[in-house]
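Chain letters run A, B, ... following the sequence lines, proteins first, then strands; residues in each count from 1.
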There are 2 protein chains.
Amino acid sequence: MELAAAKLKFIEAWGKLGSEWGINRTMAQVHALLLISPEALTTEEIMDALSISRGNANMTLRDLIGWGLIEKQHKAGERKEYFFADKDVWNIARQVAKERKKRELEPVLKVLNELSSVVGDEKDPEYKTFKKSVNDINKLAVNVDKTLETMLKAEENWFWGSILKVFK
Amino acid sequence: MELAAAKLKFIEAWGKLGSEWGINRTMAQVHALLLISPEALTTEEIMDALSISRGNANMTLRDLIGWGLIEKQHKAGERKEYFFADKDVWNIARQVAKERKKRELEPVLKVLNELSSVVGDEKDPEYKTFKKSVNDINKLAVNVDKTLETMLKAEENWFWGSILKVFK
DNA sequence: ATAAAGTTTCAATAATTTTTGAAAGTTTAA
DNA sequence: TTAAACTTTCAAAAATTATTGAAACTTTAT
């Protein structure tokens with residue numbers, strides 16, 4: 001396969017995976033493009049490469065910055081803004097884990113906690129089933145939260161070393 | 001909080017989490033409803049509880065069966081079909097992991113593998129950057145895949161025991 | 001101050017995804 | 001058989017989400 005074709009395939013695959021995981025296709029594609037680009041790119045270059053509008057490019061880039069996945073760069077003597085992706089895949093994974101934990105897991109933990117404290121008649125099957133499911137999900141969510149917390153602090157080699165050794 | 005209100009809140013929270021993770025809101029809500037229901041429910045009961053149409057209910061239930069999260073039940077002397085959710089949260093987590101691994105991770109691993117084999121000029125920064133990103137993502141994806149594989153075979157206590165002990 | 005270069009915003013439009021509801025299909029019992 | 005009870009399908013409609021593009025805004029250089 002040609003490099004040019006391979007790049008397109010990578011961008012497409014990343015976009016598809018993103019959309020399956022609740023991340024806007026275009027956002028995932030812009031990220032993919034920057035990931036495989038050795039140089040920082042301008043908004044115009046990104047618009048051209050992916051055939052998207054200026055407005056879309058601008059909003060997507062802003063979101064990616066919000067996720068901590070890319071940053072703006074300025075080149076000496078130039079007005080234009082350049083965008084550059086962190087290429088360290090472990091950083092990326094941690095950054096995504098950090099944001100999703102904050103945006104999604106934590107609010108759910110909060111609700112589960114409130115729901116854990118609902119009191120009722122232990123004889124009532126409706127209550128018992130509700131309580132058991134909520135408590136079990138809560139425990140699982142707390143374990144996931146703890147594991148993510150560890151991941152956020154960990155070095156890649158140590159993390160996978162520990163996990164894969166145990167599971168070997 | 002009243003049990004009735006708590007149930008609604010749980011269904012709502014589960015639906016929201018689902019939609020953030022690329023799972024249809026209604027599907028997550030039906031799953032939530034069945035999770036906290038001590039008895040199997042009919043299509044009609046589900047339609048009523050969530051105010052959804054018969055068509056929607058039917059398709060959603062079919063999808064949930066496809067994900068291995070619920071099953072049909074028949075009660076003696078009744079024509080109606082009843083639906084019942086597996087309440088074991090560890091089974092649920094494994095089932096979801098299994099399906100998403102198959103549907104999403106494996107296709108991506110396949111593409112990454114193809115892209116890893118693209119050859120080019122080691123002096124070309126475009127090629128070098130592409131290759132490095134693809135290889136790094138590939139390694140991460142393989143580690144995730146191995147960990148999921150272990151999870152699929154594991155008992156809940158052993159799994160979290162091992163992970164949390166290492167990370168303590 | 002002005003104009004050029006560049007960035008941001010957002011209402012309108014387009015695309016996608018979800019839902020409806022009624023018709024077609026199936027199963028069971030009499 | 002027939003018809004009642006129930007399930008499935010799917011084209012059309014609704015809802016949601018993403019994208020465009022042009023105007024407004026900001027910054028910099030002269």
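Placement of A/W160 and B/V142 within a single hydrophobic cluster is found when ILVMFWY residues are connected by side-chain heavy-atom separations under 4.5 Å, directly or transitively. At a threshold of 4.5 Å between side-chain heavy atoms, the hydrophobic network of Ile, Leu, Val, Met, Phe, Trp and Tyr places A/L152 and B/L140 in two separate groups. Note on B/L109 and A/L164: same hydrophobic cluster, where clusters join Ile, Leu, Val, Met, Phe, Trp and Tyr whose side-chain heavy atoms are under 4.5 Å apart, directly or indirectly. Linking ILVMFWY residues whenever their side-chain heavy atoms come closer than 4.5 Å, directly or via other members, places A/W158 and A/M151 in the same cluster.
Residues of residues 30-48 of chain B having a heavy atom closer than 4.0 Å to DNA chain C: none are found. Using a 4.0 Å cut-off on heavy atoms, the residues of residues 19-26 of chain A that approach DNA chain D are A/N24, A/T26, listed by number.
Counting heavy atoms from C-beta outward, B/N91 and B/Q95 have side chains that stay 4.5 Å or more apart.
Between the side chain of A/R94 and the backbone N or O of A/A154 there is at least one donor-acceptor pair closer than 3.5 Å. Side-chain atoms of B/R25 never come within 3.5 Å of backbone atoms of B/E20 as a donor-acceptor pair (strictly under, hydrogens ignored). Counting only distance, with no hydrogens or angles, the side chain of A/S51 and the backbone of A/M47 share no donor-acceptor pair below 3.5 Å. Under a 3.5 Å cut-off, the side chain of B/S37 and the backbone N or O of B/L33 do not form any donor-acceptor pair.
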If you restrict it to nitrogen or oxygen atoms, what contacts under 3.5 Å exist between nucleotides 9-11 of chain C and the protein, and what is each distance?
from: C/dT9; atom 1: OP2; to: A/R62; atom 2: NE; distance (Å): 3.4
from: C/dT9; atom 1: OP2; to: A/R62; atom 2: NH2; distance (Å): 2.7

Produce the list of close N/O pairs, under 3.5 Å, pairing protein atoms with atoms of nucleotides 27-30 of chain D; give distances to one decimal.
from: D/dT27; atom 1: O2; to: A/R79; atom 2: NH2; distance (Å): 2.9

Under 3.5 Å donor-acceptor pairs involving side-chain atoms of residues 6-16 of chain A, not counting sequence neighbours:
from: A/K7; atom 1: NZ; to: B/E126; atom 2: OE1; distance (Å): 2.7
from: A/K9; atom 1: NZ; to: B/E114; atom 2: OE1; distance (Å): 2.8

Name every donor-acceptor pair, under 3.5 Å, that has one atom in a side chain of residues 57-74 of chain A and the other anywhere in the protein, sequence neighbours excluded.
from: A/T60; atom 1: OG1; to: A/N56; atom 2: O; distance (Å): 2.9
from: A/T60; atom 1: OG1; to: A/N56; atom 2: OD1; distance (Å): 3.3
from: A/K72; atom 1: NZ; to: A/E81; atom 2: OE2; distance (Å): 3.2

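At whole-Å resolution of the value, CD in A/Q73 and P in C/dG6 are 17 Å apart. C/dT19 atom C1' lies 14 Å from atom CG of B/L61, rounded to whole Å. Rounded to whole Å, atom P of C/dA5 lies 15 Å from atom OH of A/Y82. C/dT7 atom P lies 7 Å from atom CZ of A/F83, rounded to whole Å. The nearest whole Å value for the distance from the NE2 atom in B/H74 to the P atom in D/dT7 is 9 Å. Atoms NZ (B/K80) and P (D/dT7) sit 8 Å apart, rounded to a whole Å. Rounded to a whole Å, the CE atom of B/M27 is 15 Å from the C1' atom of C/dT17.
Inspection of the B/E104 and A/W21 side chains reveals an N or O donor paired with an N or O acceptor under 3.5 Å.
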Where do B/K128 and B/K131 land on the side chain to side chain contact (heavy atoms under 4.5 Å, CB included) test, with the steps shown first? CA-CA 5 Å; B/K128 274 182 65 182; B/K131 194 176 163 186; 5.9 Å; no
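Other residues, nucleotides and ligands place more than 12 heavy atoms under 6.0 Å from the NZ atom of A/K87.
For B/K72, no side-chain nitrogen or oxygen approaches OP1 or OP2 of D/dC6 to under 4.0 Å.
Comparing C/dG6, D/dT8, D/dT20 by their nearest atom to the side chain of B/E81 picks out D/dT8.
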